[in-house]
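Chain A is the first sequence line, chain B the second, and so forth, proteins listed ahead of strands; every chain is numbered from 1.
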Amino acid sequence: MPALKTAPLVGRIPRQCHARPLTGYFPAVNVTVSIAMEYKDTLNLPRTDFAMKADLITREPARLQKWEAAKLYQQIQTARASAPKFVLHDGPPFANGDVHVGTALNKTLKDIVIKYKTIRGFSAPYIPGWDCHGLPIEFKVSQEMRKAGDTNADAATIRRACDAYARKYIDLQRTQFKRLGVLGDWENPYLTLNKEYEADELRMFADIVAKGFVYRGKKPVYWSIPCRTALAEAEVEYADHVSQSCFVKFPVVGQPKTFIVIWTTTPWTLPANLAVAYNKDFQYVTATVGDENYIVFRGLLPAVAQKCGWAAYTETPFPTEQLASIEYQHPFCHRTGKAFAAEFVTSDTGTGFVHIAPGHGTDDYNLGRANGLPIYSPVNDDGALAHTNDLPVEQQMPAELLGKSILAKHGKSEANEAVLHELRVRHALLHQENYHHSYPHCWRSKTPVIFRAMDQWFIKIDHDQFREQAVAEIDRVNWIPDWGVNRIKGAVQSRPDWCISRQRTWGVPIPAFYDAQGEAILDAQIVRNVADIIEQHGSNVWFEKSAAELWALVKPANWTGAEATAKSSDTLDVWIDSGSSSRAVIARRPEIRGKDKAFQADVYLEGSDQHRGWFQSSLLLSLAGNGAAPYKTVLTHGFMVDADREKISKSKQGGYEKPQTAEAYVNKWGADVVRLWVASQDYRNDIVVSEERINKVGETYRAIRNALRYQLSNLYDFDPAKHTVADDKLTGLDRWILGEFAKLEAEVIAAYDAYEFHVVYQKLSQFIAVELSSVYHDVIKDRLYTDAANSARRRSTQTALHRLVTGLCQMLSPILAFTADEAWEFIPGKPTGSVHESELKQSTFTLDPDEIGKWQWLKLWRERLLPELEKARQTKTIGKALDAKIEIVIPQAQNQDSDKDMLRELLNVSALKMSVGETVSHSIAKADGQKCERCWHWETDIGQNAEHPTLCGRCIEAVLQFKA
RNA sequence: GGUGGCGUAGCUCAGCGGUUAGAGCGUGCUCUUUAUAAGGGCGGGGUCGUGGGUUCAAAUCCCACCGCCACUACCA
């Protein structure tokens, strides 16, 4: 119960009373200052310990401690044990670094959903997770070990260090997430490094292996040179890049001085050139320049001529069908190549001929395969040019090129330079220029990736109509916003086979073996056996034991295949880790297990980049391994962007001056302001991060807080059990606000249900500013303060206030997790200890149609008369509204005295006269009579009581009751 | 290049075929000192991205374009 600030003492003279000569304010009344203050003490002025100043920075951590001590999350779960279930499954953030604002946005949105579902009576458990494996951690750890002088650590040792590193950041991030007010089972999160998780992931993998999805193949994959590993689609991002593009002459065999002209942006792939592609629908021409003939696509000849500086040339048609039999000499290798028709050859850039290196591009690979070319990729793991076994050595690149590094340093790539030099000395280079375009980069090292063919494990997307099934499954899911469906469909429809092997140590091992011939052995039963031993010992067992030991442990009893002589050292793509959570978490944890389908959650909620990331990997794995999508609804949000609308990326290079950690924002504004800011903007678009915007949200926060404070402060003597007034006995004004409030509640609930939190924010803040602050709260001051404390009218208004503050706290609580709970504690007779345990049931309060009509009439008059009062104020006829009396003339007496009183109250004037006349009119004048010392109304009945000569009749009654 | 999203007052958002386009915040002026490091009132502020079209009527539907953003694509 809130402590009373001051006891209402009659007769006691407060200290401050001499601060101002009050006599001037009470004209025609001969009183002393001390008596004036005495009457003030008979007013029911607001009292509360709910502070005006939020002081979130200190108050929020204290409340957090309180929640933890009370085990609030567990209490809520227990209380909702038998309630209908709502499961939001957490996408695991990466266990590295501080919590970024973008991650904070995501977690806050999830928490708003969970808290809303909980307050609507659902059982909505939240099990947070972390993604623990992967390159960034391995990088950091290897770096630290190198600094410490340890350069020769074995895989198991590195992995133990990675484990410790991940756990350290899980602890750090857990603290930061909690600080945001996110409630959940923080003591039992799911971690992709847990051995139970790894085991379930491998069992899922085993199912997919058993169904024939997994194969080993040699095809071009994204390769990150610094990371020395293959990458998946989800691990590349696009960035501007300057390529050293060039136009190159390929001499045609048997036709001296005649060349096919190709254009490439990657000169380093020329040593891998095995063919040239053309488009059979194009018209080609021979351009003669001096004594040389160049074959190009006719439509591009002018552009090529301009670039290559051909001042004058003649043009003769070259029959396209002859291209099929043409043979050309590689410009610097001792081999020849052929031309093949291909549809992907376009007419907008280049020459109409595409240089084909089957080991370095998807189109090239497919064309090469179709025409029996070797998948030749003369690049080693270091990203340097090298010979391979695919071609006779004498046909491969000259020795000068060997060892040249492809990776650009200071804008120059050794390999490109060397190839260009080779072309120049052989007079094969027609033109060279920088070409600006966006190019895929490694998401971790930020360097351009290369396409490189090598032996990898893949999941076959077109296995057994799987791609079509996936697309069909996508249509069964509810995507919010609905354009998300196009995103993921596009991603699935166009994606190549999934390269799932990584040449790294910090990950779940691919439990494959090799026989003496080097043939890979991947068997579902073996994978399951490995899962079992990993569940016991953790995945390090794979790295600690020898191939022979492992083989003995996991070889199936009825094995008839080849004997293993070596084990795989590859690990699984981390997207397999997090993508397996439907099996390893949803189906595993009883509190979130699905009813119809054990592995299926109600909602996934992540940033829109996850359409090609977690949404996709989860869908593909769950569909392949479980038979259906792991979610019913997928909610997507945009990103945090700065004032210039640039994405604030976690891994952005260059960095920001200001730290973009959640902590920085929370420490400056408090979690509730951050949460309110998140809620305030339409998260389906990007969320703009700027001081200006957060500060504005801070203003709204203060308005909300003040409204709650005003309501609480006027309930200090209200006991709902004793004083609640029945609906039909409430005054018209109170019924009106409750009617408005019921409408608001319906709108807010609808907005929450549609996950449109910015609408919740708008509706709530506007209701507080318009209906409450400028109308209701302003009008009820008079009756709350001056009526007798226990009068029916005052209790009626308190009944309304009590309902308002209760409902407001509940509607606000998903967003203002701390403040709503803080205010809740001050509500007399609150139904539960914390607002987060309470249940928001939709109100059934409605106004009668004639009441609604009456209020329309009243509001119309209020709108009409307020500007008139302002005019009177400006001419100094009155100061405040109470100094005025108003007369209005209406056509017919459709309203009774009570309506007249209501209008007077709504306008806060001392007197209102209503009369019937021909035309509508109104007039404003200074009020008659004298100003009552206590309530400041101007009344004509002042001075009728000898004991209280300065009071009006109403106040005399109140004061007499007060004394009694 | 392709696909998608967005573009309404300084800011955040409503409105999504029908009266002079709304709200809050901010801003200017002002009242109040009984929510007081609070509260009230009044005012200013918008070619609803641009240009066409459909319609009696368009911010709202259609088309084109412009701008911003995201995704996508080895432009070889």
* Asked: What is the ring orientation for A:Phe282 with A:Tyr284, classed by angle as parallel under 30°, tilted 30 to 60°, or perpendicular over 60°?
  -> tilted
* Establish, yes or no, whether the cationic atom of A:Arg794 lies under 6.0 Å from the six-membered ring centre of A:Tyr785 and within 45° of the ring axis. => no
* side-chain N/O A:Arg612 vs B:A73 OP1/OP2, d < 4.0 Å -> no
* Closest to the A:Glu699 side chain, choosing from B:G26, B:A70, B:C13 -> B:G26
* Asked: Which of parallel (below 30°), tilted (30 to 60°) and perpendicular (above 60°) describes A:Trp263 and A:Phe247?
  -> tilted
* Asked: Out of B:A14, B:C74, B:C75, which has the shortest distance to the side chain of A:Thr362?
  -> B:C74
* Can you figure out which of B:C31, B:G24, B:G10 approaches the side chain of A:Lys696 most closely? => B:G10
* Per the atom types in the model, does the base of B:C75 pair as donor or acceptor with the side chain of A:Tyr435 at under 3.5 Å? -> yes
* Stepwise, does the ring pair (Phe, Tyr, Trp, His ring centres under 6.0 Å) test hold for A:Phe757 with A:Tyr683? -> CA-CA 8 Å; A:Phe757 309 135; A:Tyr683 63 82; 5.7 Å; yes
* Sugar-phosphate, base or nothing in reach of A:His611, heavy atoms under 4.0 Å -> nothing
* With respect to the phosphate group of B:G41, does any side-chain polar atom (N or O) of A:Arg862 fall under 4.0 Å of OP1 or OP2? -> yes
* For RNA chain B, the dot-bracket pattern of Watson-Crick and G-U pairs whose distances stay under 3.5 Å, | for other-strand partners -> ((((((((.[[[[.)..(...]]]].(((((.......))))).....[[[[[..)....]]]]])))))))....
* **Euclidean distance for P, B:G15 against B:G51 (whole angstrom)** => 25 Å
* Asked: Just to confirm, is there a sub-4.0 Å distance from OP1 or OP2 of B:C25 to any side-chain nitrogen or oxygen of A:Tyr701?
  -> no
* **Distance-only side-chain donor-acceptor flag, A:His777 / A:Asn714, under 3.5 Å** => no
* C1' gap between B:C13 and B:C75, integer Å -> 41 Å
* **Whole-angstrom distance between B:G5 and B:A38, as gauged at atom P** => 44 Å
* Asked: Is it true that A:Lys696 and A:Glu699 make a salt bridge, defined as a side-chain N closer than 4.0 Å to a carboxylate O?
  -> no
* Quick one: label A:Asn714 by what it contacts on the DNA or RNA (base, sugar-phosphate, nothing), any heavy atom closer than 4.0 Å. => nothing
* To do: Among the candidates B:G41, B:G26, B:A35, find the nucleotide nearest to the side-chain atoms of A:Asn706.
  => B:A35
* Asked: Hey, is the side chain of A:Asp364 pairing donor to acceptor with the base of B:C74 inside 3.5 Å?
  -> yes
* Asked: Just checking A:Asp782: base, sugar-phosphate only, or nothing, at a heavy-atom cut-off of under 4.0 Å?
  -> nothing
* **Spacing of A:Arg684 atom CZ relative to B:A14 atom C1', expressed in whole Å** => 12 Å
* Does a nitrogen or oxygen in the side chain of A:Gln681 sit under 4.0 Å from OP1 or OP2 of B:C13? -> yes
* Which is true for A:Ser713 with a 4.0 Å heavy-atom rule: it touches a base, it touches only sugar-phosphate, or it touches nothing? -> nothing
* Asked: Between B:U36, B:C13, B:U33, which nucleotide has the shortest distance from any of its atoms to the side chain of A:Asp682?
  -> B:C13
* Return no unless some side-chain N or O of A:His758 is found under 4.0 Å from OP1 or OP2 of B:A14. => yes
* To do: For B:C16 and B:C62, measure between their P atoms and round to the nearest Å.
  => 15 Å
* **Nearest-angstrom distance from the residue atom CZ of A:Arg873 to C1' of B:U32** => 9 Å
* Between A:Tyr376 and A:Asn273, does any side-chain donor sit less than 3.5 Å from a side-chain acceptor? -> no
* Asked: Nearest to the side chain of A:Lys40 - B:C75, B:C74, B:U34?
  -> B:U34
* **Rounded distance (Å) that lies between atom P of B:U36 and atom CG of A:Asp778** => 14 Å
* Asked: On a whole-Å scale, what distance lies between the P atoms belonging to B:A64 and B:G26?
  -> 43 Å
* **Nucleotide nearest A:Trp263 when distance is taken to its side chain, options B:U36, B:G40, B:C75** => B:C75
* **P-based separation of B:U50 from B:U55 [nearest Å]** => 23 Å
* Asked: So what does A:Gln766 touch, heavy atoms closer than 4.0 Å: a base, only the sugar-phosphate, or nothing?
  -> base
* To do: Rounded to the nearest angstrom, tell me the gap between atom CG in A:Leu764 and atom P in B:C25.
  => 14 Å
* For nucleotides B:G45 and B:G22, find the distance between their P atoms and express it as a whole number of Å. => 14 Å
* **Salt bridge flag under 4.0 Å for residues A:Asp883 and A:Lys931** => no
* CZ of A:Arg487 versus C1' of B:G5: gap in Å, rounded? -> 8 Å
* Asked: So, is A:Arg702 near the phosphate of B:A38, with a side-chain N or O under 4.0 Å from OP1 or OP2?
  -> yes
* Asked: Base, sugar-phosphate alone, or nothing: which one does A:Thr786 contact when heavy atoms must sit under 4.0 Å apart?
  -> nothing
* To do: For the side chain of A:Val770, starting at C-beta, report the closest nucleotide among B:G41, B:A38, B:G24.
  => B:G24
* Aromatic ring pairing A:Trp861/A:His922, orientation class (parallel under 30°, perpendicular over 60°, tilted between) -> perpendicular
* B:U34 phosphate, OP1 or OP2: any side-chain N/O from A:Lys880 under 4.0 angstrom? -> no
* To do: Would you indicate which nucleotide in B:U34, B:G24, B:G40 comes nearest to any side-chain atom of A:Ser774?
  => B:G40
* Asked: Hey, is the side chain of A:Lys871 poking within less than 4.0 Å of OP1 or OP2 on B:C42, counting only N and O atoms?
  -> no
* Just by distance, with hydrogens left out, do A:Ser773 and A:Tyr710 show a side-chain donor and acceptor under 3.5 Å apart? -> no
* If you measure from the C1' atom in B:G44 to the same atom in B:U30, how many Å do you get, rounded? -> 14 Å
